[in-house]
Amino acid sequence: MPRTEEAAAWYSAVYSAVQEVPYGKVTSYGHIATLLGYPERPRQVGMCLKYLPRVEEQPDARYNSASVPWQRVINAKGVISHRGVNGAERQQAALEEEGVEVSRDAMGERWIDFDVYGWFPRYLPSERAERETEEAEDGEE
DNA sequence: ACAATGACCGCGG
DNA sequence: ACCGCGGCCATTG
């Protein structure tokens, strides 16, 4: 459990943001951090997920491995980060369960082919404005 | 109390 | 294209 109020608030913010990643879609730690207004904290996003309680241990917790789709968060390179024993392997299984295709590269890394802004339909206000402008321009041509 | 350690990332060289 | 480095901060040793 987080020690300070601030930390607790951060954990909740991260968990609730991750809950918005749609089924079958994938996003990155950095994108979650950016959405929350702290683009320099992707690492802390990973930390929150690391400490996400498992549903077996805390079935009634607001945030646990069943209510928060932790498996939909990967790193900015598009690769499932390794951790612990079989961590990446379990994440791959969870993703494949929902139809996400996971490949292996020459180094054995588990990567997912995703389009940086195609996977998660939520943007920072500034990004949203840019996209809408671009789309409007495309429409005029 | 202090130092090391991460489910990370973008920028330079 | 491939490191290395600094920023980040709760947790752990």
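Below, chains carry the letters A, B, ... as their sequence lines are ordered, and counting in each starts from 1.
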Say whether [X] and [Y] are linked into one hydrophobic cluster, either directly or through other cluster members, by side-chain heavy-atom distances under 4.5 angstrom.
X       : Y        : value
A:Ile74 : A:Val102 : yes
A:Tyr51 : A:Tyr29  : yes
A:Leu36 : A:Val73  : yes

Rounded to whole angstrom units, what separation is found between the [atom1] atom of [X] and the [atom2] atom of [N]?
X        : N      : atom1 : atom2 : answer
A:His31  : B:dG10 : NE2   : P     : 11 Å
A:Gln91  : B:dC8  : CD    : P     : 10 Å
A:Lys77  : B:dG10 : NZ    : P     : 11 Å
A:Met107 : C:dA1  : CE    : P     : 16 Å
A:Leu36  : B:dC8  : CG    : C1'   : 14 Å
A:Gln92  : B:dA7  : CD    : C1'   : 16 Å

Counting heavy atoms from C-beta on, name the nucleotide in [options] closest to the side chain of [X].
X       : options               : result
A:Arg41 : C:dC9, C:dT12, B:dG6  : C:dC9
A:Arg43 : B:dC9, C:dC9, B:dC8   : B:dC8
A:Gln44 : B:dA7, C:dC8, B:dG10  : C:dC8
A:Lys50 : B:dA7, C:dC8, C:dT11  : B:dA7
A:Tyr51 : C:dC8, C:dT12, C:dA10 : C:dT12
A:Ser81 : B:dA7, B:dG6, C:dA10  : B:dA7

Sugar-phosphate, base or nothing in reach of A:Gly30, heavy atoms under 4.0 Å: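 Sugar-phosphate only.
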A:Gln71 (side chain) donor-acceptor with A:Gln91 (main chain) under 3.5 angstrom: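 No, the answer is negative, given that no donor and acceptor are paired below the 3.5 Å cut-off.
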OP1 or OP2 of B:dG6 under 4.0 Å from side-chain N/O of A:Tyr29: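 A:Tyr29 to B:dG6 OP1/OP2: no side-chain N or O under 4.0 Å.
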Heavy-atom neighbours of A:Glu56 CD exceed 12 at 6.0 Å: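 Enclosed: over 12 neighbouring heavy atoms sit under 6.0 Å from CD of A:Glu56.
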P atoms of C:dC2 and B:dA7, separation to the nearest Å: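 These two P atoms come out 23 Å apart once rounded.
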Upstream residue (5' side of DNA chain C) when A:Pro42 and A:Met47 are each assigned their closest nucleotide: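 It is A:Pro42, whose closest nucleotide lies nearer the 5' terminus.
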Side-chain donor/acceptor contact of A:Arg83 with base of B:dG6 under 3.5 Å: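 Answer no: no donor N or O sits under 3.5 Å from an acceptor.
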